[in-house]
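By convention in this document, chain letters (A, B, ...) are assigned in the order of the sequence lines, proteins followed by strands, and residues within each chain are numbered from 1.
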Amino acid sequence: MSEKELGKKWDRCLADGAIKVGTGLGLGIVLSVLFFKRHTWPISFCSAAGLGMAYGNCQSDLRSSYLLHRNEKEQ
Amino acid sequence: MAARMLPVVKLATKVTIGGGALYVAWDSGLLGSSEQGSEALQKAKAAIPPAIEEWMKYFGLETQLPNIPKVEFSPVQAWNSGVRQSISTLSEAPTNATKYTNQGLQYLKDLAK
């Protein structure tokens, strides 16, 4: 993996992280207002879930260059 | 009859709204892979200035908001150059420390003569 590619992967990771935390925050607010009587914990929970999803995506993205992919195996 | 139906209707409305929000988030790729997430961020960044303009027009605040001046400052460039500068200073630190110590000692020796 070249350095340029690594830089792009990190950029994607950060952008994805921002999007997912924001989405989690938004959904958390909606759920908190609708179902959980405006408590704070659904907001924290959903934001943290978004962060976790972004972490998983980032981990998978950074590891993908070291893994043998299915279409390469078939060749 | 209507009194009994009301809580059910309320719950159904809440579930519809909550489910709809979740569906919209999933459908627009916000909960997908890294590529989809970064694409969504680019689209959002591109869509914000026209959206702000439209809102300003709607509220009639067009004339009041001054133009945000374009600052020729890139945080990425600043950060990168900061990192390079720090690392190069650290790598030259032992050499420079030896040099300055020797110069200091030489100066003291000259003073002592």
Side-chain angles (χ1 to χ4, degrees), chain A residues 1-67 69-71, chain B residues 4-52 54-55 68 73-88 90-91:
Chain A
M1 184 171 31
S2 71
E3 217 176 278
K4 209 170 167 184
E5 219 177 289
L6 181 64
K8 280 189 190 156
K9 284 193 182 191
W10 274 112
D11 285 345
R12 268 205 305 267
C13 277
L14 290 175
D16 189 43
I19 283 283
K20 290 210 163 47
V21 169
T23 308
L25 192 73
L27 283 174
I29 291 172
V30 167
L31 293 177
S32 167
V33 163
L34 287 176
F35 297 110
F36 298 107
K37 297 176 190 162
R38 298 186 197 175
H39 281 210
T40 327
W41 68 263
I43 302 175
S44 325
F45 182 81
C46 291
S47 310
L51 186 68
M53 287 167 77
Y55 183 90
N57 276 353
C58 197
Q59 195 174 47
S60 158
D61 201 10
L62 289 169
R63 277 184 185 167
S64 67
S65 61
Y66 300 110
L67 296 171
H69 295 279
R70 187 184 300 248
N71 46 9
Chain B
R4 263 189 275 168
M5 286 295 291
L6 191 63
V8 177
V9 169
K10 261 174 78 174
L11 181 66
T13 316
K14 286 183 183 181
V15 167
T16 311
I17 296 174
L22 201 61
Y23 176 76
V24 165
W26 173 77
D27 193 48
S28 48
L30 297 175
L31 299 173
S33 66
S34 299
E35 285 91 6
Q36 286 174 325
S38 58
E39 260 177 50
L41 187 66
Q42 298 305 324
K43 275 191 227 166
K45 268 201 231 172
I48 283 178
I52 290 180
E54 267 199 56
W55 278 98
I68 299 165
F73 175 75
S74 164
V76 172
Q77 293 294 343
W79 175 262
N80 286 348
S81 89
V83 170
R84 273 188 222 113
Q85 198 65 36
S86 323
I87 297 297
S88 86
L90 278 174
S91 74

Item checked: Engaged part of A:Leu34 at the chain B interface, taking heavy atoms whose separation is under 4.5 Å -> both
Margin query: Keeping A:Lys9 on the side-chain end and A:Cys58 on the backbone end, is there a donor-acceptor pair under 3.5 Å?
Written below: no
Next item on the list: Determine, stepwise, if the pair A:Leu62 / A:Leu6 fulfils side-chain contact (heavy atoms from CB on, under 4.5 Å).
Entry: CA-CA 8 Å; A:Leu62 289 169; A:Leu6 181 64; 3.9 Å; yes
Next item on the list: Go through the atoms of B:Val76 and report whether side chain, backbone, both or neither lie under 4.5 Å from a heavy atom of chain A.
Entry: neither
Checklist line | Side-chain heavy-atom pair A:Asp61, A:Ser64 within 4.5 angstrom cut-off | finding: yes
Check: OH of A:Tyr55 to SG of A:Cys13: how many Å apart, nearest 0.5 Å?
Finding: 10.5 Å
Note to self: Tell me whether the rings of B:Trp26 and B:Tyr23 are parallel (<30°), tilted (30 to 60°) or perpendicular (>60°).
What the structure shows: tilted
Item checked: Heavy-atom pair count under 4.5 Å with chain B, highest-scoring of A:Ile19, A:Leu27, A:Asp11 -> A:Ile19
Checklist line | Region of B:Glu35 in contact with chain A, defined by heavy-atom distances below 4.5 Å | finding: both
Margin query: At a heavy-atom distance under 4.5 Å, which candidate from A:Leu31, A:Thr23, A:Val33 has the highest pair count against chain B?
Written below: A:Thr23
